[in-house]
**Q** 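One structure, pasted below without further comment.
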Amino acid sequence: MSRFFLTTAIDYANGDPHLGHAYEKMGADAIARYRRLQGDDVWFLIGMDEHGQKVAQTAAEQGIAPADLAESLAQRFQAMWRRLGITHDQFIRTTTDAHRSGVQELIERIFERNPDDFYERAYSGWYCVGCEAFKQDAEIADGHCVLHPTRTLEWVEETNWFFRLSRYQQFLQDLHRDQPEFLQPDSRRNEILGLLEQGLEDISASRARLTWGVPFPRPVSSGERQITYVWFDALPNYWTATRFPDSRAEWPAQLHVIGKDITRFHAVIWPAMLEAAGLPLPERVWAHGFVQYRGERFSKSAGARLDLAEAIDRFGPDAFRYFLLREVPWDNDGNFSWERFEERYTAELADGLGNLAARSLTMLAKYRDGAVPAGNATELDQQGLAAIERYVAAMDRLDLRAGADVAWELVTAANLFVQQHAPWSLAKAGRNAELDNVLGALARCLYRLSLLTSPFLPDTSQVLFEAVGASGEAASARWDTLLDPPVGGARSSVPAILFPKPETVS
RNA sequence: GGCAGGGUAGCUCAGCUGGUUAGAGCACGGCACUCAUAAUGCCGGGGUCGCGGGUUCGAGUCCCGCCCCUGCUACCA
C-alpha cells in the first residue's frame, strides 16, 4: 500500500463555484477514488485562497469584512462539493492560523538556506486607486484602468521583497527536460520549456499596498512591514496543509491537479520555491483543460449563464460527473452542451449501463428468484479481465476518459453476450446448467462494472454493488475481488431504474 | 510577430516508422429478438482525409507554399 497525496488548486474566494471549479474537483475526485480502489492510502486536499486585494474589494463592495466574505464562500464551495460527492480529506483555507504561520515558516526556511534568494528592489507600475492594485498593459485603455476609467492612473514605485527566481532557471530546465512526467500533459510541458528558454525574471514576494494577506515575516530595510504577495501565499498551501494538526498528509504530494492557466506558477515558481527551501518537489503536476460553454471559457460571467446547481439537478450528480469526465478530455479543452449531455445520458447511462443492469437483475429474479448462481467462467469473464487491464493502464496515466471508455466497452460486450446466449430461450428449454453459467457471468460482470464505474458514478456504483448481492461499500472493496467477484451464492435484487429517461422523469 | 499543437464521415475523435476497397462511437435508415428503461443484437447509407504544388511504383501518412483554429509569449488565482 502506497501513499497518494493529491491536491487541486485552491479556489479564489471572489465568487460562487461554477462549472470550471466543479470540473477540476470531479476529475481529481475520480483519481482519488480510483487510487483508493487500488488500495492506496489517499489524502485528498482541496481548499480556498482567501487573501488578496480582490477579496478585500469585493467584501468592501458588499459592506462586509473580508473574513466574513471568505467564510460565506467557503461554506458555499463546501456545500457544492458535498453535493457532487467529492471525497476530499481536508479543506484548507489560507486565512487560518496554521496556513499563515506555515507560509512564514517556509519563507524563513528560504532566508536561512539561501539568504540571497530574497532581496529588496523597487517595483514600479501604473497603480489604480480604484482597484488598489498595479495594472498591466492589458488592463489599461487610453491611459486609464478599464475598470475605473474615470480615475487617473498613478505611476508608483515601492520597495518590496523579491525572490530570485532567475537563479533557478537551469534547475528548472533540467527538471523539465530530465523528468518529463513532472509536468503533464506534454503540450503544457512544451510551453514551459519554451518559456524557460526566454529566461526568467525575479518576482515580487511582498507588496507594500496589500492589506489582506499574510504578513511577510521580515520588514524591509526602512522598517516597513509588508504583506506576502500571491505566489508565496497561495502556492505553499500544499505544503502547509501537511502541517495542520488534524492532517495526515505527508509532503511531498504525489499529484497537483491544476488548470492550464496556472501551469506556470506550479511548474516554475513553486518548484523553485521548494528547492530554495530545501524541500522535495511534488511528483507530478497535471494541468487539465477547460470546459467551454458555447465556445467560451467558464468564468464568473459564464457561470451566470449556466447555473451549476441547476445543471446538477437536471440529471443528478452522478450523471453530471460522468458526462463531464467522459465528454471533456482531461488533457485538453472540451465543450459543455445540453444536446451532448442528453445524448450521452440516454445512450450510455440509460440504454447502456442502466438497461444492462435492469435486464440482468430482472432475469436473475425471474429465473433464479434472486439467487446468484456460481456457474463456470465464460467469455464475458475473459472480456472483463481484459477490460480491467486496459482500465488500469488508462487510469494510471490519468486518462479518465479512456478509463470510462473501457468500462462502457464492457457494457457493450455484456449486452452482446446476453443476445448471443438468449437466457430466455435457455429458461424455456430447461437448460439450467447453461442458464446458470450465463446468469452467473452477468452478475460478475455487474460487480466488475460497479467498481470500474465508481470513480465516475459513485452513487450508482453502490446501488449496483448491493443489487448483485455484494456486501459493504463498493468504494472500499478490494481491487483483487475483480478477478473473481464474490457474488456466487449471494442474493441479488432489482433496484429502481438507475437512469430514468427524461420523458419518464416528467 | 515568435514558439508549439491542430484542421479526417452530421457530431466527438482513432489512424505507429508512407502500401490491399480510410476506421470507431454517437446520430440516421432497415431487419431480428423479447430478459430489459421501445431497451438490445445484426446489416446499411454517409468522407475531394483544410487548399495548391512536389517526392515516390504508391501519401491522410514525407517535403514546400498558402488558408483557418487553439495554446503559450510571466506579477491575473
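Naming convention: chains lettered A, B, ... in sequence-line order (proteins, then strands); numbering from 1 in each chain.
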**Q** Send over the distance from A:Arg401 CZ to B:rC26 C1', rounded to a whole Å.
**A** 13 Å
**Q** Measure centre to centre between the rings of A:His266 and A:Phe182, then say whether the value is under 6.0 Å.
**A** no
**Q** Give the rounded distance in Å between these two atoms: CG of A:Asp351 and P of B:rA27.
**A** 8 Å
**Q** Over how many whole Å does the gap from A:Glu342 atom CD to B:rA27 atom P extend?
**A** 13 Å
**Q** Nearest whole angstrom, please: distance from the P of B:rA39 to the OH of A:Tyr345.
**A** 13 Å
**Q** Could you state the CD-P distance from A:Glu339 to B:rG10, rounded to the nearest angstrom?
**A** 18 Å
**Q** If we take the C1' atom in both B:rU20 and B:rC35, what is their distance in whole Å?
**A** 43 Å
**Q** Ring-plane angle category for A:Phe320 and A:Phe341, please: parallel below 30°, perpendicular beyond 60°, tilted otherwise.
**A** tilted
**Q** Work out which heavy atom in A:Arg218 is nearest to a heavy atom in A:Trp161; give both atom names and the distance.
**A** O-NE1, 3.0 Å
**Q** Can you check the distance between B:rG60 and B:rG19, where both ends of the measurement are the C1' atom (answer in whole Å)?
**A** 13 Å
**Q** B:rC13 P sits how many Å from A:Trp408 CH2, rounded?
**A** 20 Å
**Q** Can a cation-pi geometry be assigned to A:Arg314 and A:Trp338, taking NZ or CZ under 6.0 Å from the six-membered ring centre and within 45° of the ring axis?
**A** yes
**Q** Decide yes or no for A:Glu197 and A:Gln173: does some side-chain heavy atom of the first lie under 4.5 Å from some side-chain heavy atom of the second?
**A** yes
**Q** Describe the nucleic acid contact of A:Leu364 in one word from base, sugar-phosphate, nothing, applying a heavy-atom distance below 4.0 Å.
**A** nothing
**Q** What integer number of Å spans the C1' atoms of B:rG65 and B:rU55?
**A** 15 Å
**Q** Relative to the ring of A:Trp330, is the ring of A:His288 parallel (under 30°), tilted (30 to 60°) or perpendicular (over 60°)?
**A** parallel
**Q** Of A:Val230 and A:Leu349, whose closest RNA chain B nucleotide lies nearer the 5' terminus?
**A** A:Leu349
**Q** Take A:Asn237 and A:Arg93 through the side chain to side chain donor-acceptor pair (under 3.5 Å) test and state the conclusion after the steps.
**A** CA-CA 8 Å; A:Asn237 89 85; A:Arg93 297 180 51 187; over 6 Å; no
**Q** Would you indicate what A:Asp202 reaches in the nucleic acid, counting non-hydrogen atoms under 4.0 angstrom: base, sugar-phosphate, or nothing?
**A** base
**Q** Provide the distance between the two P atoms, one in B:rA22 and one in B:rA74, to the nearest whole Å.
**A** 47 Å
**Q** Which side chain to side chain donor-acceptor pair (under 3.5 Å) pairs, counting each pair once, include a residue from residues 346-358 of chain A, with sequence neighbours left out?
**A** A:Tyr322-A:Glu348, A:Arg326-A:Glu348, A:Arg344-A:Glu348, A:Asp351-A:Lys501
**Q** At under 4.0 Å between heavy atoms, what does A:Gly199 touch on the DNA or RNA strands: base, sugar-phosphate, or nothing?
**A** base
**Q** Any donor-acceptor pair under 3.5 Å linking the side-chain atoms of A:Asn190 with those of A:Ser187?
**A** no
**Q** Using atom C1' of each nucleotide, how far apart are B:rG10 and B:rC51 to the nearest Å?
**A** 22 Å
**Q** Restricting to pairs with a member in residues 418-441 of chain A, which pass ring-ring contact (aromatic ring centres under 6.0 Å, His included), not counting sequence neighbours?
**A** A:Phe417-A:His421
**Q** Rounded to the nearest angstrom, tell me the gap between atom CD in A:Glu197 and atom P in B:rA74.
**A** 15 Å
**Q** Within the structure shown, what part of the strands sits under 4.0 Å from A:Asn355 by heavy-atom distance: base, sugar-phosphate, or nothing?
**A** base
**Q** Can you check the distance between B:rU73 and B:rC26, where both ends of the measurement are the C1' atom (answer in whole Å)?
**A** 38 Å
**Q** Nearest 0.5 angstrom please: A:Gln462 CD to A:Leu457 CG, how far?
**A** 13.0 Å
**Q** Under 4.0 Å, heavy atoms only, any strand: does A:Glu201 hit a base, just the sugar-phosphate, or nothing?
**A** base
**Q** Considering only side-chain heavy atoms of A:Leu416, which listed nucleotide, B:rU37, B:rU40, B:rC42, is closest?
**A** B:rC42
**Q** Considering every strand and a 4.0 Å limit on heavy-atom distances, what is the contact class for A:Gln198: base, sugar-phosphate, or nothing?
**A** sugar-phosphate
**Q** Hey, does the side chain of A:Lys260 come within less than 4.0 Å of B:rU70's phosphate (OP1/OP2), counting only N and O?
**A** no
**Q** Mapping A:Pro329 and A:Glu348 to their closest nucleotides on RNA chain B, which lands nearer the 5' end?
**A** A:Pro329
**Q** Let's see if you get this right: which residues in residues 165-177 of chain A place a heavy atom under 4.0 Å from RNA chain B?
**A** A:Leu165
**Q** How far, in whole Å, is B:rA14 from B:rC31 if one measures between their C1' atoms?
**A** 29 Å
**Q** Indicate the ring-plane relationship of A:Phe232 and A:Phe163, choosing parallel, tilted or perpendicular according to the 30° and 60° boundaries.
**A** perpendicular
**Q** Under 4.0 Å, counting only non-hydrogen atoms across every strand here, what does A:Leu361 touch: a base, just sugar-phosphate, or nothing?
**A** nothing
**Q** Determine whether A:Ser206 and A:Thr228 make a side-chain contact, defined as any pair of heavy atoms from C-beta on separated by less than 4.5 Å.
**A** no
**Q** Just the dot-bracket of RNA chain B, please: which string comes out with Watson-Crick or G-U pairs under 3.5 Å, [ ] for crossing, | for another strand?
**A** (((((((..((((.....[...)))).(((((.......))))).....(((((..]....))))))))))))....
**Q** Within 45° of the six-membered ring axis of A:Phe162 and under 6.0 Å from that ring's centre, is NZ or CZ of A:Arg121 located there?
**A** yes
**Q** Using a 6.0 Å distance limit plus a 45 degree cone around the ring axis, check whether A:Arg164 lies over the aromatic ring of A:Tyr119.
**A** yes
**Q** Produce a footprint string for nucleotides 28-35 of chain B: one letter per nucleotide, 5' end first; B if the base is under 4.0 Å from any protein heavy atom, S if only the sugar-phosphate is, - if neither.
**A** -----SSB
**Q** As a test of reading the structure: which of B:rA27, B:rC11, B:rG41 is closest to the side chain of A:Asn415, going by heavy atoms?
**A** B:rG41
**Q** In whole Å, I'd like the distance from the CZ atom of A:Arg326 to the P atom of B:rA24.
**A** 17 Å
**Q** Would you sort out whether A:Lys25 and A:Asp11 count as a salt bridge (Lys or Arg N to Asp or Glu O under 4.0 Å), showing the intermediate values?
**A** CA-CA 10 Å; A:Lys25 303 308 171 285; A:Asp11 298 313; 3.2 Å; yes
**Q** Got a sec? Which of residues 186-194 of chain A come in under 4.0 Å of RNA chain B, heavy atoms?
**A** A:Arg188, A:Glu191
**Q** Say we look at B:rG25 and B:rG44: how far apart would their P atoms be, to the nearest angstrom?
**A** 12 Å
